[in-house]
Amino acid sequence: MQFPAPAAGTPLDDLRLLAVDMEATDIDPRRGRIVSIGWVPVEGRTISLTGARYFVVQGTDVGESATIHGITDSEAASGVPEEEAIGALLQALQGRVLLAHFAELERSYLETAVLAHCGKKLRLPVADTFALERRHMEKMGTYPRGEDLRLATVRRRYGLPEYRNHNALTDALACAELYLAVTAQSRGRTWGSLPDTTRSK
């Protein structure tokens with residue numbers, strides 16, 4: 001299952017993205033299960049809240065991970081099947097770039113779910129605010145540690161408001177806002193000019 005990347009010359013101002021966040025029971029998709037998924041479309045320089053969606057995934061034994069994301073077993077029991085949530089996400093990703101903060105986690109979980117439910121390998125274009133900010137800091141002669149690149153920490157550096165962490169929809173919105181802040185001085189730049197680490201995997 002392949003989602004084509006934008007043409008290299010596509011201006012960032014015209015790029016269509018989908019900011020995505022997933023909360024899970026473990027950082028490793030081989031051991032964990034998706035608990036919730038949230039997303040927010042980004043149309044060039046505009047966040048489209050009308051296209052925002054949020055799903056709690058049914059049938060997940062959340063265990064101790066509930067202390068992080070706040071979703072209980074009873075809430076998970078009344079959620080939607082993972083296949084339905086993943087299907088809605090794939091539909092929303094049509095014609096868009098997946099945008100996330102430390103996108104490796106979302107990409108890995110999505111690839112695992114698509115293989116399980118569709119029997120297909122997934123390939124899609126990815127933009128990562130974690131990688132964008134790391135590259136920016138390195139260009140400024142600052143070599144960040146992991147703590148320096150946490151979503152909330154990076155947002156503070158850009159003067160963005162504080163949000164409650166580990167809600168999938170809120171974190172997706174937080175990522176979308178951060179992307180716009182990080183690329184605010186990138187007028188005239190194109191998809192192909194982004195660091196390699198933010199492009200198709």
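Positions are given from 1 along the sequence.
Counting non-hydrogen atoms of other residues, nucleotides and ligands closer than 6.0 Å to CD of Gln2 gives a total above 12.
A heavy-atom distance below 4.5 Å is found between the side chains of Phe3 and Leu90. When side chains are defined from C-beta on, Val42 does not count as touching Arg16, because their heavy atoms never get closer than 4.5 Å. Side-chain contact between Val56 and Ile37 is absent, with no heavy atoms from C-beta onward closer than 4.5 Å. Looking at Met22 and Leu89, their side chains come closer than 4.5 Å, going by heavy atoms from C-beta outward. Side-chain atoms of Asp21 and Leu169, non-hydrogen and from C-beta on, never get closer than 4.5 Å to each other. With a 4.5 Å cut-off on side-chain heavy atoms, Ile34 and Ile86 count as touching. Using a 4.5 Å heavy-atom cutoff, the side chains of Trp191 and Pro11 are not in contact.
Judged purely by atom type and a 3.5 angstrom limit, Thr183 uses its side chain to pair as donor or acceptor with the backbone of Tyr179. In this structure, Ser36 contributes its side chain and Phe55 its backbone to no donor-acceptor pair below 3.5 Å. Judged by distance alone, with hydrogens and angles left aside, the side-chain atoms of Ser108 form no donor-acceptor pair with the main-chain N or O of Pro29 at under 3.5 Å. Looking only at distances, a side-chain donor or acceptor of Gln58 sits under 3.5 Å from a matching main-chain atom of Gly79.
Among pairs with a residue in residues 83-93, none fulfils salt bridge (charged side-chain N to carboxylate O under 4.0 Å, His left out), at least two apart in sequence or across chains.
By the criterion of side-chain heavy atoms lying less than 4.5 angstrom apart, applied directly or through intervening Ile, Leu, Val, Met, Phe, Trp or Tyr residues, Tyr158 is grouped together with Leu99 in one hydrophobic cluster. Linking ILVMFWY residues whenever their side-chain heavy atoms come closer than 4.5 Å, directly or via other members, places Leu49 and Leu178 in the same cluster. Neither Tyr109 nor Leu115 shares a network with the other; the hydrophobic side chains, linked directly or stepwise wherever heavy atoms of I, L, V, M, F, W or Y lie under 4.5 Å apart, form separate groups for each.
Residues Arg164 and Asp171 share a closest heavy-atom pair of O-OD1, 3.9 Å. Closest non-hydrogen pair, Glu23 versus Ala168, comes out as CG-N, 4.0 Å. Shown here for Asp26 and Gly32, the closest heavy-atom pair between the two residues is CB-CA, 3.6 Å. Closest non-hydrogen pair, Arg45 versus Leu180, comes out as NH2-O, 2.8 Å. What you find for Pro6 and Leu15 is that their closest heavy atoms are CG-CD1, 3.6 Å. Nearest heavy atoms, Ile27 versus Leu105: O-CD1, 3.1 Å.
Atoms OG1 and CZ, on Thr112 and Arg33 in that order, are 11.5 Å from each other to the nearest 0.5 Å. Once rounded to the nearest 0.5 Å, the distance linking CZ of Arg53 with CG of Leu18 reads 11.0 Å. Atom CG in Leu98 sits 7.0 Å away from atom CG in Leu110 (nearest 0.5 Å). Of the inter-residue distances, the one linking Asp148 atom CG with Arg157 atom CZ reads 6.0 Å to the nearest 0.5 angstrom.
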* Asked: What do the steps show when you test Lys121 against Glu111 for side chain to side chain contact (heavy atoms under 4.5 Å, CB included), and what is the final call?
  -> CA-CA 7 Å; Lys121 291 186 176 180; Glu111 286 178 347; over 6 Å; no

* To do: Please lay out, stage by stage, how Tyr143 and Glu138 fare under the test side chain to side chain contact (heavy atoms under 4.5 Å, CB included).
  => CA-CA 5 Å; Tyr143 295 92; Glu138 288 172 352; 3.9 Å; yes

* Asked: Can Asn165 and Leu151 be said to form a side chain to side chain contact (heavy atoms under 4.5 Å, CB included), step by step?
  -> CA-CA 9 Å; Asn165 296 327; Leu151 180 58; 5.6 Å; no

* To do: In sequence, state the C-alpha distance, the side-chain angles, and the governing distance for Leu17 and Arg96, and then conclude on side chain to side chain contact (heavy atoms under 4.5 Å, CB included).
  => CA-CA 5 Å; Leu17 306 102; Arg96 295 183 182 275; 5.7 Å; no

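Using a 30° and 60° split on the angle between ring planes, Phe130 and Phe102 fall in the perpendicular class, above 60°.
When the side-chain hydrogen bond (donor to acceptor under 3.5 Å, both in side chains) test is applied to Thr170, the partners found at least two apart in sequence or on another chain are Asn167. A search for side-chain hydrogen bond (donor to acceptor under 3.5 Å, both in side chains) contacts involving Glu177 returns Arg155, Tyr163, not counting sequence neighbours.
One finds no salt bridge joining Glu133 and Arg150 here, because no Lys/Arg side-chain nitrogen approaches an Asp/Glu carboxylate oxygen to under 4.0 Å.
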